Amino acid sequence: MLFNSKEFLLFFPIVTLLYFLTPHKFRWIQLICASCIFYASFIPSYLLILFALIIIDFTAGILIEKKTNKKKWLIISIVANLGLLFVFKYYDFFISSFDRISGSHSTLLHLALPIGLSFHTFQSLSYTIEVYRGNQKAIKHLGYYSLYVMFYPQLVAGPIERPYNLLPQLQARHSFSPQNLYEGLRLMAWGFFKKTVIADRLSGYVDTVFSSPKEVYTENIWLGIIFFAVQIYADFSGYSDIALGSARCMGFELMINFNRPYQSDSVREFWKRWHISLSSWFKDYVYIPLGGNKKGIWRKRVNILLTFVLSGLWHGAGWHFIIWGLLHGFYVVVYELLSPAVKKIKAAKGIRVLMTLFLISFAWIFFRASSLQNAADIITQTVHTSNLSFSHMALKQNSSFQIGNFSIAFVIACTLFMFCIEKITNPLLTNMNKNKTYDILFFTTTVLLIIFFGVFHKTSFIYFQF
Amino acid sequence: MYLRRLIIVILMILAGSFLIGKTFDIRYKKRWEYFFFTKPEEAVYGKENYDILFFGNSKIHSGLNPFYIDSVTKMSSYNFAVGSAEEQEMKMLATAYLDNHNPPKFVVIGVDNSMLIKYNILKERFVYLYYLQNDTIKKFMQQNGFATSLIKAAPFLKYSFFDEYNRPSHFTGKEKINGHFYKGFFNPFTELSADTTTITRQFYKTLPQAETINDTSAAMLRQTVELFQSKGTKVVFLYTPVKKIRKGGLLSERDSFFIKLENTYNIPVLYTDTSTLFEQKYFVDDYHLNKPGSRILSILVAEFIKKLH
């Protein structure tokens, strides 16, 4: 079920209301049922895969804690999770890449990727690894463990939770709190605003530019790249806000996933603010186990590059995703090399922020492109000055979705509004509470913008494909 | 404290939605008054019972002028054709009209190659969301994916369905039009327009599966014919004129479909697509007539109806 669907409009209030009406000891059942309905609305049979993983990791957790063959059980858990991910997500990519090199013709699986597989496998892995490290006690209640993996607000696109944050909350008794309800709804509204008013309005423009870069003007390409940087932020952070908000209405506090990433003054800083639950996952479970910065400067650089390549691969099975990851790794390594000189220059923060934004936007080309060839076409077109006119900012796709000058001006105004609000407030918007009048005006304006200017026919979230 | 704040927010959202909704209603109606609102307005609220009705797409909309028809036939006519209309919209307007009026004596339906292709134009006709109190229109719009009950209960919600082409309408003024509307007819072209030619050619090139007939659209047309005939109305098919370079009649599958339909329902036919009267100077593009061309077509149709009468 998509957050921006009519079904969710019914689902959310019913589930939230039932949660508080259900006695505490049965709430886990109510939430599991709700999560199953939520997940089954995509492909019901994939619930079986989810259950299989839950059983494996739940058992592995208990057996790891018994300390006999704990390493073996951790490996079983890792192999089960990553194996499943490999079969569904990477098998075809690796086999077809191998075929291209060897000239052979292997049979591909062409499996549909279960929604959110990359998210819940990583969340499951985080549990068994933490139990193995002794930071988390193995949970003996299959219901609560299932809920840890399946909790509907973060089931399909994160945040990728850690067991020590979510499990105690799932077992705790949450009473109805008007403040939680208010703050949760406000955060959800903000997420819906980012998704429907900004991201989905931009998607038409971006799709057109990236699908046919040679048929549009150079200024369309430039604008398309900038718009994608805004779109992906508004789309994914919007999703996270809705997830955090809907959980908060029931009293749960999920991890903050975004913290004003485009205000970062270096790429390293960007990764502390963008998709925090994933970047911290890679730091905790890949970068540090590889040796982190403890094994010399060259090893550190290799570790950074490797972690970013894996992060790229996590996002998608394609060379353009690997290049995207590698590029970010390269940015971080080069920044490390140049940082003493950069610090001496004392460039204004604004210039460093703009520079970082430029580098990140350039890397987004590889992320958004359908292939390396497509990315190369886009990059070539950005410098194709003979195709520059400055009079064709608008794009006409088809009769139903025309992105005219009005839409462009409107979406730019909304983007500025978004960044301004996020500049003056915190990620959960809780410091809005201080001024009642501004808060009410902000909440009302946000909802009115959704009602009158939300785009509701572009449904899917970008990160659902991962 | 927070519950009270939430209640204030909800009340402000309701009040704001109502006010913005009303403002947008006025602005949107003003912007599209002639192009889109006149026809559903006439079908749902119009008081006059017409003798002759015209249905079809832009070729009929800008091709049949009730002024000449009325003068020649001494009857009263109205042009219900809408640009890019498909059979579903035609059936909806026809049913809505018959719900509120006496049946006409004649109905002229335009026939051309762009018919019987289903691309769900009603999904883009937001104008009908203003007429959901009419059960026929509500039913058709519901079938096209609009949450009609919700919109009927809270009319401002219709703006959540608007696309990027229609949204700016609230902020632009009334469109400057070169020409005048008369009983559903509008044709601003006195001479050939190069721009329109280009757009039309591209449009026709990109028509989906132009060779194949869509069964749902075919059924809709058949039902419209049956609806009028059941009320005692004489249905006439008008094969609209085409420029010489495009001559050659309908695409084969369409041709046989219409012949079968005409024979089954005993429909009189006026072929103007092969008429030598329509020289190139009467077209603004390959399919649409200019003002002098529409005058010739209107008189031809009027004479034809006069004979049938």
Side-chain angles (χ1 to χ4, degrees), chain A residues 4 6 9-10 176-186 189 192 196-197 200-205 249 394-411 430 432-433 435-437 439-458, chain B residues 1-25 27-28 31 83-84 119-126 144-147 149-151 154-172 199 202-203 206-208:
Chain A
N4 54 336
K6 278 184 276 182
L9 214 62
L10 271 178
F176 173 75
S177 151
Q179 185 173 354
N180 280 343
L181 179 72
Y182 182 86
E183 288 176 351
L185 290 175
R186 184 180 56 195
F192 279 119
T196 63
V197 180
D200 284 352
R201 176 160 282 105
L202 289 173
S203 72
Y205 198 100
C249 288
L395 266 185
K396 188 172 189 283
Q397 268 186 300
N398 55 44
S399 56
S400 66
F401 202 86
Q402 183 167 313
I403 309 137
N405 291 328
F406 169 82
S407 300
I408 292 174
F410 180 74
V411 85
T430 44
M432 280 273 181
N433 296 350
N435 191 317
K436 190 180 161 187
T437 313
D439 182 34
I440 289 171
L441 272 177
F442 164 75
F443 198 164
T444 309
T445 309
T446 305
V447 177
L448 288 176
L449 282 167
I450 298 166
I451 293 172
F452 289 98
F453 296 100
V455 175
F456 295 98
H457 57 270
K458 296 271 169 189
Chain B
M1 175 191 156
Y2 282 95
L3 268 185
R4 208 174 65 184
R5 205 184 277 198
L6 186 61
I7 291 165
I8 295 172
V9 168
I10 292 169
L11 290 175
M12 282 185 63
I13 289 168
L14 287 174
S17 299
F18 179 78
L19 285 173
I20 297 170
K22 282 287 168 201
T23 313
F24 279 10
D25 280 355
R27 304 280 306 173
Y28 190 77
R31 172 71 175 81
S84 307
Y119 54 102
N120 294 323
I121 194 73
L122 283 182
K123 286 186 193 298
E124 298 168 19
R125 298 282 206 227
F126 306 102
N144 279 275
F146 292 99
S149 301
L150 202 65
I151 297 171
F156 59 82
L157 284 178
K158 62 177 159 295
Y159 296 103
S160 302
F161 292 87
F162 271 46
D163 61 17
E164 293 304 279
Y165 178 75
N166 283 277
R167 277 210 171 98
S169 307
H170 313 312
F171 304 96
T172 52
I199 290 163
Q202 278 177 351
F203 174 70
T206 54
L207 276 178

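Not measured: the values here are computed from a predicted model. So that the names make sense, note that chain A is the first sequence line, chain B the second, and so on, each numbered from 1.
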Item to complete: With the side chain counted from C-beta on, respond yes when A:L449 and A:F192 share a heavy-atom pair under 4.5 Å apart, and no when they do not.
Response: no
Sequence neighbours excluded, the answer for side chain to side chain contact (heavy atoms under 4.5 Å, CB included) partners of B:A147 is B:L150, B:F161
Turns out that what part of A:L448 lies under 4.5 Å from chain B's heavy atoms comes down to side chain
Next on the checklist: Any non-hydrogen side-chain atom of A:F410 less than 4.5 Å from a side-chain atom of B:R167?
Outcome noted: no
- Query: Between A:E183 and A:S177, is any pair of side-chain heavy atoms under 4.5 Å apart?
  - Reply: no
Among residues 18-25 of chain B, residues within the sub-4.5 Å heavy-atom range of chain A, in order of number, are B:I20, B:G21, B:F24
With chain A, the option among B:V9, B:I10, B:L3 that has the most non-hydrogen atom pairs under 4.5 Å is B:V9
Rounding to 0.5 Å, atoms OG (B:S149) and CG (B:L157) come to a distance of 12.0 Å
Under 3.5 Å, side chain of A:R186 to main-chain N/O of A:I440, donor-acceptor pair present? no
(request) State whether the side chain of B:S160 and the backbone N or O of A:I451 hold a donor-acceptor pair below 3.5 Å, judged by distance alone. (result) yes
Given A:N433, A:L441, A:L185, A:L181, the one with more heavy-atom pairs under 4.5 angstrom with chain B than any other is A:N433
